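Working notes, beginning with the structure itself.
Remember, it's a predicted structure, so these values are computed and weren't measured experimentally.
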Protein chains: 2
Amino acid sequence: MEAEGLRARKKRARLEAFVDATHRLAAEHGLERVTVEAICAEVGVSVRTFFNYFETKDDAVLGLEHWRLDPVAAETFAAGGPSGDLLPDMQALTASALDHPPLGKERMERAFEVAKGHPELMLRAYTHLQGLHDDLAALVRRRLGDTTDESVVTLVGALLLALAHATFLRWDAAGGGGDVHEHLPGVVSDLAGILATGR
Amino acid sequence: MEAEGLRARKKRARLEAFVDATHRLAAEHGLERVTVEAICAEVGVSVRTFFNYFETKDDAVLGLEHWRLDPVAAETFAAGGPSGDLLPDMQALTASALDHPPLGKERMERAFEVAKGHPELMLRAYTHLQGLHDDLAALVRRRLGDTTDESVVTLVGALLLALAHATFLRWDAAGGGGDVHEHLPGVVSDLAGILATGR
DNA sequence: ATGCATTCTTGCACGCGCTGCAGGGTTGCG
DNA sequence: CGCAACCCTGCAGCGCGTGCAAGAATGCAT
């Protein structure tokens, strides 16, 4: 019944080992003092292998691989749903992404813990998500119409990322307890309030 | 009458030489095939000196150094002006930044030309602007009140950047003629429209 | 001009991230 | 059991970026 072969399971285990070792060492010595070599020594594997798993040292912190959007939520968004208003629907899309971290919630939280002191990591996440940019652009385009200007697509994409980032910060400010996505509505309403009413 | 000594003028000239050489080589061979060594050979200066001017190879493309906000515009923004509504005032602040590129308009346009094919550069600009983040945060905080949540500050900051980026894209899509900031109102109105009405 | 302090440039050695290649070992499957 | 596909590994090497210490250029005062 195991659809996954031994090969795939070993690969996944190794990947998680990399991520965990990176988190452990980063928490202890600070990320900038942790070399790829050290991580590999911890895992018991060659340096060359590390780069068969990750493009970048930073990717090991974030556990980045195929952080794809939930297809169902994406489809709904593209079709103009669920509510029909763009802002709450962006909220829904973001929440779905936050609910499906690829390597489990604890790892994601530890990753964010490390990333707090290292803004470049957030940036790396941005670039990685720019791999999603094409998908995202297609989504936005399908929703808003083919004539939509590239700059508008970019704007909406940036907005989505900023939403996710701000939500993380708020979750962290609240002590890091509970679900991350619980803090999304607050962020969205603040944004809407600011933009709508001026101030 | 020359307030700038010979020293300062030489420094500035060399900095511009670095930027221009980088642009020239990048346009010819593509940025990833241009080494710092090649840039320095072009300028006729040692590699070590390059890194006395820039922290990063990418910084040479962008000519990043002290891209500070216009103090007057910043002050106006913080005080709640000029219009009193946040969105148009963000527009005004962004326009002022776009109107004061530190190394001249042609260089900025060439930098953007290179950056189009290299998203990491935009990101680098973002981190660099995070040096401004403290200033910007202080600005936003003064405007919105001391109690403003960190995440809101981040959100507004990201929004400002996205505004600038989208404006560049639109300017470029229009053929790259005329003033960049002329395309800002269109971007802003699109954003406002999207967020206000849903769709 | 002359001497002196400050600043800028340069070469050197080095660490680290990251890559291509070539080989040997492991896994999956008929 | 044997073959094909896949994966790990060491090695050699490039490129970015830094600390250091010696030497050149500059600014300034006399």
Whole-Å distance separating the [atom1] atom of [X] from the [atom2] atom of [N]:
X: A:D58; N: C:dC16; atom1: CG; atom2: P; result: 16 Å
X: A:I39; N: C:dC16; atom1: CD1; atom2: P; result: 12 Å
X: B:E32; N: C:dT19; atom1: CD; atom2: C1'; result: 15 Å
X: A:K10; N: C:dG25; atom1: NZ; atom2: P; result: 15 Å
X: B:R9; N: D:dG27; atom1: CZ; atom2: P; result: 9 Å
X: A:F54; N: D:dC7; atom1: CZ; atom2: P; result: 15 Å
X: B:F50; N: C:dC12; atom1: CZ; atom2: P; result: 20 Å

Can you pull the salt bridge (charged side-chain N to carboxylate O under 4.0 Å, His left out) pairs that have at least one residue in residues 19-34 of chain A, sequence neighbours excluded? A:D20-A:R107, A:D20-A:R110, A:R24-A:E42
Tell me which pairs pass salt bridge (charged side-chain N to carboxylate O under 4.0 Å, His left out) where either residue lies in residues 44-55 of chain B, with sequence neighbours left out.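 Listed by first then second residue: B:E55-B:R124.
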List the residues meeting side-chain hydrogen bond (donor to acceptor under 3.5 Å, both in side chains) with A:S46, not counting sequence neighbours, and say none if there are none. A:T49
Using the test ring pair (Phe, Tyr, Trp, His ring centres under 6.0 Å), find all partners of A:F112 that sit at least two apart in sequence or belong to another chain. A:F168, A:W171
Among residues at least two apart in sequence or on other chains, which ones pass ring pair (Phe, Tyr, Trp, His ring centres under 6.0 Å) with B:F51? none
Applying salt bridge (Lys or Arg N to Asp or Glu O under 4.0 Å), can you list everything that pairs with A:E182, at least two apart in sequence or on another chain? none
The criterion is salt bridge (Lys or Arg N to Asp or Glu O under 4.0 Å); which residues satisfy it with A:E37, sequence neighbours excluded?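 Testing A:E37 for salt bridge (Lys or Arg N to Asp or Glu O under 4.0 Å), a comparison that skips the adjacent residues, returns none.
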Donor-acceptor pair, side chain of B:T56 and main chain of B:D59, under 3.5 angstrom: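 Looks like no, no N/O pair under 3.5 Å.
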Report yes or no: does A:K116 contribute a side-chain atom to a donor-acceptor pair with the main-chain N or O of A:A111 at less than 3.5 Å? no
B:A41: which residues meet the side chain to side chain contact (heavy atoms under 4.5 Å, CB included) condition with it, sequence neighbours left out?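 B:A41 satisfies side chain to side chain contact (heavy atoms under 4.5 Å, CB included) with no residue once adjacent residues are dropped.
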With sequence neighbours excluded, residues passing side chain to side chain contact (heavy atoms under 4.5 Å, CB included) with A:A27: none
Check the interface with nucleotides 12-16 of chain D: list each N/O to N/O pair with the protein under 3.5 Å, or write none.
residue : atom : partner : partner atom : Å
D:dC16  : OP1  : B:V36   : N            : 3.4
D:dC16  : OP1  : B:K57   : NZ           : 3.4
D:dC16  : OP2  : B:V36   : N            : 3.2

Quantified as the angle between the terminal helix axes (five pairs each), what is the overall bend of the helix from C:dA1-D:dT30 to C:dA22-D:dT9 to 10 degrees?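 So the angle between the two local helix axes works out to 30°.
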Protein-to-nucleotide contact annotation, 5' to 3' order, nucleotides 5-11 of chain C [B base; S sugar-phosphate only; - none; under 4.0 Å, heavy atom]: -BBSBBB
